[in-house]
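Worksheet: one structure, shown below.
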There are 2 protein chains.
Amino acid sequence: MEGLTPRQEEVLDFVLEALERRGYPPSVREICDALGLSSTRGALRHLEALERKGFISRASGARAIQVRDTLRGAAAYLPLVGEVPAGPLRHASEEVEEWLPVPARWGGEGRFLLRVRGESMVGDGIRDGDLVVVDPGPEARDGEVVVALVDGEATVKRLRRRKGAVELEASNPDYPTLRVEKGEAEVRLAGRVVSLLRDRV
Amino acid sequence: MEGLTPRQEEVLDFVLEALERRGYPPSVREICDALGLSSTRGALRHLEALERKGFISRASGARAIQVRDTLRGAAAYLPLVGEVPAGPLRHASEEVEEWLPVPARWGGEGRFLLRVRGESMVGDGIRDGDLVVVDPGPEARDGEVVVALVDGEATVKRLRRRKGAVELEASNPDYPTLRVEKGEAEVRLAGRVVSLLRDRV
DNA sequence: TTTAATAGTAAACATCTGTTTACCATAATC
DNA sequence: GATTATGGTAAACAGATGTTTACTATTAAA
C-alpha cells in the first residue's frame, strides 16, 4: 500500500474523526471547511488519492465515503442483557442495557452478551464481571463452555456428557459440579459461550 | 422510552442495517425505496417519530441521522500490532494489522491491542491468544498487569515492587518471575494492561 | 361522536452536495 | 529542461437531498 502525504493523512484523519464523533461521514464541503480549502476541487483531489491508494472507497450519493476495514474494522453490535433472552432481541427491546460494539466476526444470529457473576470458572480464564458472547441454542458438544439456566438462573459452566446425564462442571475446586439427569425440566441450555470481553484487567 | 409501532421499527432496522452494511446512514429517499413509500413526507414522519421517541437524532445536512448510543454503542478503534509501537500509531501506519472496534470506554490516547503469546498469566485469567488492551506509558503501580519489553520482546506480567528492584511476576507456577534491578537497560515498561478480548472461548 | 395519532399521498421548492472545466504553483523525478 | 505528481483556485452546473404545504384515510382513544 502506498504511503500518504501529510495532507492526505489530514483528510483521512478528519473523515475518521467525523465518523467517530457523529456517526456519519463528512461531505466534500465539510472537508474543505476543516482543512481551510476554498475549493471543492482540492478536497476532491485528496479523496481521489485516498481512494486510489486503497484507504477509502466512494459510492455515488452524498457523504458516500466508506473506510477500508483494516483502518476501521467492521463492528457487530451485540445486546448486553441482564437475563437470558427468550429469542432474538429487537433493537427497541427494553431488556437490553446497551448494544456494544464488538469485532464483526463475533456477530451472529441472536447472539447476546451476558455478564458473568461469580468465580466458578476462573480455572478456564472466565472471571467475575467478564462479558461473555453467547451463541444461543439448545445444543452443545461435550467439553464446550455453555450458559445454562438452572431454576431460571443463568450459569456459565463446561458441559460434560456422561452416561445417561450431563454435568455442568465448574473449573474452580471451590464450586460443585452440577449433575443433570436427562429430562430434568428445571435445567436447560441457553447457548454456547464463544467469545469474551473483560472491561478491567 | 415509548415503544415503537411496527412501521417505525422497520425504519429503525433499515437505518441500522444500512449503517452496518456500508458505514453511512440512508437518505430520506432511500428509506422510501426500502419501505415502498412513494412520498418523502411519509418517511419523514417516521424519522420525526423516532427522534421524538429518542431512538435517533437528526442534524442538518444530508444523511445526518445519528443513532442513540444505547442502541448502537459508540466504538473506539484500536490498532492490533505485532510488536509494541514506539508511540501513538497513525491511521495509515503499516505496523498495524487491523483496527478493531471495541467499546468506546476502552479508548484512550495511544492505546493498542497486543496478542498474548504463552500461558504465563493463566492464573490471572489471561490466556494464550487473548488480545489485551494496553494503555501505554513507562509507569505502573505495584500489582498492576503490564506489558514489559525484555530484550526487545514483549511480555505480559504482574509488576511487583521490591526493595531496590521490581519483579515481573508470572501467575503460572510453571513460569519464572523475572527480577529487574534498577537501571537495567534491556527491560522497560511499555504500558499497563487495561482490558481484554478473547476471540474464542 | 369527536379528537388525536399514525400513516400515507403529491407536488413544489430550497438547499446541499458532488462533479466538471479550466487554470496555476511548486516540487520531485526523469 | 521537460514531465509528472501534488496541491491548490474559481466558477458553473447537475443531481441529490431535505423540507414544506396541503391533503386523505384509518385506527385508537377520549
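These values consider heavy atoms only, across backbone and side chains, with no hydrogens, waters or symmetry-generated copies. Quick note on labels: first sequence line is chain A, next is B, and so on, each numbered from 1.
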Can you name the residues that form a salt bridge (charged side-chain N to carboxylate O under 4.0 Å, His left out) with [X], not counting sequence neighbours?
| X | answer |
| --- | --- |
| E20(A) | none |
| E144(B) | R141(B), R192(B) |
| R41(A) | E48(A) |
| E169(A) | R160(A), R162(A) |

Just how far, in rounded Å, is [atom2] of [N] from [atom1] of [X]?
| X | N | atom1 | atom2 | answer |
| --- | --- | --- | --- | --- |
| E51(A) | dT6(D) | CD | P | 15 Å |
| L35(A) | dG8(D) | CG | P | 8 Å |
| L50(B) | dA7(C) | CG | P | 10 Å |

Practice item. Identify, residue by residue, the members of residues 4-16 of chain A with a heavy atom below 4.0 Å from DNA chain D, and return them in order of residue number, or none. Key: T5(A), R7(A), Q8(A)
What residues, two or more places apart in sequence or in another chain, satisfy side chain to side chain donor-acceptor pair (under 3.5 Å) together with [X]?
| X | value |
| --- | --- |
| R115(A) | none |
| R72(B) | none |
| R21(B) | E17(B) |
| S195(A) | none |

**Study point:** Reading 5' to 3' through nucleotides 18-30 of chain C, protein heavy-atom contacts under 4.0 Å coded B for base, S for sugar-phosphate only, - for none
**Key:** BBBBBB-------
Practice item. Have a look at the helix from dT1(C)-dA30(D) to dC30(C)-dG1(D) and give the angle its two end axes make, five pairs each, rounded to 10 degrees. Key: 30°
Point to revise | Qualifying side chain to side chain donor-acceptor pair (under 3.5 Å) pairs with a residue from residues 23-39 of chain B, counting only residues at least two apart or across chains | key: R22(B)-E30(B), E30(B)-R63(B)
Exercise for review: Examine dA7(C): is either OP1 or OP2 under 4.0 Å from a nitrogen or oxygen in the side chain of H46(B)? Give yes or no.
Suggested key: yes
**Study point:** R198(B) side-chain N/O to L196(A) backbone N/O, donor-acceptor pair under 3.5 Å
**Key:** no
